[in-house]
Amino acid sequence: MTHTHRYARFPAAKYGMTRDQAVQMNRQMEERAAGVGLEYHLDGGRVGNTADAHRLVRLAGEQGVQGDVVEALYKAHFTDRRSVFDRDSLVEVAAEAGLDAAAARDALASGRFAAEVEADQREAQQLGATGVPFFVIDRRYGVSGAQPAEAFAQALDRAWNEPR
């Protein structure tokens, strides 16, 4: 079994598709990413719980490097095939992006931001998010998945024109 097929098990199981469909979906995502200048490698990727990564993103917000840490985590996962699931790797990636490594280790060890991340997850579920990407407009309208610009324009128009 190739790496692509191993990685395809997760989307196949999650979205109720065959392994071949999942492999094709991954290839399409890589092609779409390449079309906008992003280098994605979904074959051989890792899957896992991202709660710790979200906790470090919150810490990065306090330290003024949130955008850099988010970008580093995406690059680590999608381009470099580095783990964003184990704590040592998370701290390393975040530190490379400017987050204080000692503060990151302390936050992960202490459980800091766990309640906030859990609250974010509950809120996302209440808003209808079942996967990523998922965009919420005016806390009322959701756009799920990688959609064309027209889908966003329609959701924005709807949010603007419909009364609250």
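Positions are given from 1 along the sequence.
Taking the ring centroids of H77 and F85, they lie under the 6.0 Å cut-off.
By the criterion of side-chain heavy atoms lying less than 4.5 angstrom apart, applied directly or through intervening Ile, Leu, Val, Met, Phe, Trp or Tyr residues, V57 is grouped together with Y74 in one hydrophobic cluster. Residues F78 and L38 fall within the same hydrophobic cluster, defined by Ile, Leu, Val, Met, Phe, Trp and Tyr side chains chained together at heavy-atom separations under 4.5 Å. Two different hydrophobic clusters hold V93 and V117 under the rule that ILVMFWY side chains link at heavy-atom gaps under 4.5 Å. Follow the hydrophobic side-chain contacts under 4.5 Å out from V36 and you never reach F152; the two are in separate clusters. If you chain together hydrophobic residues whose side chains sit under 4.5 Å apart, V136 and L156 never meet in one group.
The two residues L99 and A60 have their closest heavy-atom pair at CD1-CA, 3.6 Å. In plain terms, the two heavy atoms of L56 and A94 that are nearest each other are CD1-CB, 4.2 Å.
A salt bridge is defined here as a Lys NZ or Arg NE, NH1 or NH2 lying under 4.0 Å from an Asp or Glu carboxylate O, and E92 with R82 meets this definition.
Separating the CE atom in M25 from the CD atom in E30 is a distance of 10.5 Å, to the nearest 0.5 Å. Within the model, atoms CZ of R55 and CG of L108 stand 5.0 Å from one another, a figure rounded to the nearest 0.5 Å. One distance of note links CD of Q21 with CD of Q28; it measures 10.5 Å at 0.5 Å rounding. Note: L59 CG to D100 CG = 8.0 Å, rounded to the nearest 0.5 Å. Considering CZ of R112 and CD of E62, their distance stands at 4.0 Å, rounded to 0.5 Å. The distance from atom CG of L73 to atom OG1 of T50, rounded to the nearest 0.5 Å, is 9.5 Å.
Here the side chain of R158 pairs no donor or acceptor atom with the backbone of Y141 at under 3.5 angstrom. In this structure a side-chain-to-backbone donor-acceptor pair under 3.5 Å is present from S89 to S83. At distances below 3.5 Å, not a single donor-acceptor pair connects side-chain atoms of R87 with backbone N or O atoms of R105. Panel note: side chain T79, backbone A76; no donor-acceptor pair is recorded below 3.5 Å. D138 contributes no side-chain N or O that, together with a main-chain N or O of R140, makes up a donor-acceptor pair within less than 3.5 Å.
For the pair D120 and R58, the minimum side-chain heavy-atom distance is below 4.5 Å.
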